[in-house]
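Note sheet for the following structure.
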Amino acid sequence: MTDITNALANKPVVEAIQYLLEQYPGAVAFSTSFGQEDQVIADIIWRNHLPVRVFTLDTGRLFQETYDVMDNTLARYKQPIEVFYPETTAVEKLVSEKGPNSFYESVENRKQCCGIRKVVPLGRALEGVKVWITGLRAEQSENRHDMQTLEWDEQRHLYKYNPLIHWGYDEVLAYLSQHNVPYNKLHDKGFISIGCAPCTRAIGPGEHPRAGRWWWEQSHKECGLHG
């Protein structure tokens, strides 16, 4: 861990990803939810022709605007994006037993839904992966504040590379504008952190960026992918 951390120290994002690809050829993957940070990373990967495998999780409850930005991204870069869905039988069982909106009833129910629709498909997507690239930023939440650029994920036995962890939100916006990167139009309507449609709302002035996620809960606003 120390050796690879030192090797990445002070490297620009492109050089860091190139180094990781050299160390783990064919085993570096990037997960995108088509948020602003993810669109920055996708543009960096494809603009620089980096052979990183790109995938997304389709929970079955996404906004139409998220599908629109996915479509626009595919048209713009003409690069493949693997899509992973929840297991049909697990979704059928959940909805049959608890109804379509059980996540509003308790944190336990919400985490069960996230587990079925996100965490389990992520496990399948990360099979054989040695380095998982994410769009996490430290200022997104208290839970992410102390995360490092490179971390060891003990649960999944892989490295998590967080290239934008120390970027500010203004830096993200500046990159998207400078490179004319496709983005989710919900960002123009007060949606900063965008997940599933039933679990995401716009935020007001002064609200925390993740206040619109599972807004009815008193929790640390995570789904199980990163904490």
Side-chain angles (χ1 to χ4, degrees), residues 1 3-59 62 66-67 69-85 118-138 140 144 147-167 171-172 174-176 178-184 194-195 223 225-227:
M1 179 78 177
D3 291 343
I4 191 170
T5 300
N6 291 339
L8 294 181
N10 302 317
K11 280 190 188 313
V13 175
V14 173
E15 291 183 18
I17 294 176
Q18 287 172 331
Y19 174 83
L20 292 169
L21 287 165
E22 291 169 2
Q23 297 300 308
Y24 302 100
V28 179
F30 166 54
S31 60
T32 178
S33 62
F34 304 101
Q36 290 162 308
E37 293 83 3
D38 290 341
Q39 289 299 93
V40 168
I41 296 173
D43 183 82
I44 290 171
I45 289 171
W46 291 324
R47 179 180 297 275
N48 293 279
H49 309 289
L50 300 171
V52 174
R53 177 174 150 249
V54 179
F55 71 87
T56 191
L57 308 177
D58 187 340
T59 65
L62 302 179
T66 301
Y67 294 114
V69 73
M70 179 180 179
D71 214 31
N72 292 338
T73 300
L74 289 167
R76 164 75 176 273
Y77 299 100
K78 296 178 173 54
Q79 295 294 322
I81 300 172
E82 293 181 60
V83 183
F84 288 82
Y85 290 89
K118 292 183 178 183
V119 178
V120 173
L122 176 68
R124 288 191 283 114
L126 291 176
E127 289 178 3
V129 171
K130 300 298 184 184
V131 180
W132 173 22
I133 301 175
T134 85
L136 299 178
R137 289 189 305 109
Q140 288 171 331
R144 301 175 182 184
M147 289 183 175
Q148 303 301 310
T149 303
L150 186 74
E151 298 193 325
W152 175 252
D153 187 324
E154 182 61 35
Q155 178 185 353
R156 300 181 177 95
H157 299 287
L158 49 71
Y159 289 107
K160 283 175 68 174
Y161 175 53
N162 310 310
L164 307 187
I165 198 71
H166 299 304
W167 281 40
E171 291 178 86
V172 173
Y175 185 99
L176 294 173
Q178 178 184 350
H179 296 285
N180 193 31
V181 178
Y183 69 94
N184 194 320
I194 301 172
C223 62
L225 299 185
H226 303 291

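The first residue in the sequence is number 1, and the count goes up from there. Since this is a predicted model, take the numbers as computed values, not measurements.
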Closest approach of [X] to [Y] (non-hydrogen atoms, all atoms of both residues):
X: Gln79; Y: Leu74; answer: O-CD2, 3.4 Å
X: Leu62; Y: Gly195; answer: CD2-O, 4.2 Å
X: Pro163; Y: Trp167; answer: O-NE1, 3.8 Å
X: Lys11; Y: Ala7; answer: CE-O, 2.8 Å
X: Lys78; Y: Ala75; answer: NZ-O, 2.9 Å
X: Met147; Y: Ile165; answer: O-CG1, 3.6 Å

Distance, nearest 0.5 Å, that separates [atom1] of [X] from [atom2] of [Y]:
X: Leu20; Y: Leu50; atom1: CG; atom2: CG; result: 10.5 Å
X: Asn162; Y: Trp132; atom1: CG; atom2: CH2; result: 9.0 Å
X: Ser31; Y: Lys160; atom1: OG; atom2: NZ; result: 8.5 Å
X: Arg76; Y: Asn180; atom1: CZ; atom2: CG; result: 5.5 Å
X: Asp38; Y: Ile133; atom1: CG; atom2: CD1; result: 11.0 Å
X: Thr73; Y: Asp43; atom1: OG1; atom2: CG; result: 9.5 Å

Do the side chain of [X] and the main chain of [Y] share a donor and acceptor less than 3.5 angstrom apart?
X: Thr56; Y: Val83; answer: no
X: Glu151; Y: Gln148; answer: yes
X: Asn48; Y: Ile44; answer: yes

Practice task
Under the side chain to side chain contact (heavy atoms under 4.5 Å, CB included) rule, what do Leu8 and Thr149 come out as? Steps first, then yes or no, please.
Solution key: CA-CA 9 Å; Leu8 294 181; Thr149 303; 5.7 Å; no
Problem - Step-by-step side chain to side chain contact (heavy atoms under 4.5 Å, CB included) determination, Val131 to Gln23 - result: CA-CA 10 Å; Val131 180; Gln23 297 300 308; over 6 Å; no
Problem - Residues Leu57, Leu122; criterion side chain to side chain contact (heavy atoms under 4.5 Å, CB included); working and verdict - result: CA-CA 7 Å; Leu57 308 177; Leu122 176 68; 4.1 Å; yes
Exercise for the section: Would you check, one step at a time, whether the test side chain to side chain contact (heavy atoms under 4.5 Å, CB included) holds for Val181 with Val40? Expected result: CA-CA 7 Å; Val181 178; Val40 168; over 6 Å; no
Practice task
Please list all pairs passing the ring pair (Phe, Tyr, Trp, His ring centres under 6.0 Å) test where one or both residues lie in residues 13-56, with sequence neighbours left out.
Solution key: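 Of all non-adjacent pairs touching residues 13-56, those that pass ring pair (Phe, Tyr, Trp, His ring centres under 6.0 Å) are Trp46-Tyr77, Phe55-Phe84.
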Handout entry: Minimum side-chain heavy-atom gap Met70-Asp58 below 4.5 Å
Key =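 No, too far: nothing below the 4.5 Å cut-off.
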Problem - Min side-chain heavy-atom separation Thr134-Ile41 under 4.5 Å - result: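 Counting from C-beta outward, Thr134 and Ile41 never come under 4.5 Å.
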Handout entry: Enclosure of Lys130 NZ (heavy-atom neighbours >12, cutoff 6.0 Å)
Key =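 Not buried by this count: 12 neighbours or fewer within 6.0 Å.
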Problem - Single hit among His166, Glu37, Glu171, Gln36 for side chain to side chain donor-acceptor pair (under 3.5 Å) with Arg137 - result: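 One option only clears the test, and that one is Glu37.
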Practice task
Flag the pair Trp152 / Tyr159 as yes when their ring centroid distance falls below 6.0 Å, and as no otherwise.
Solution key: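 Yes.
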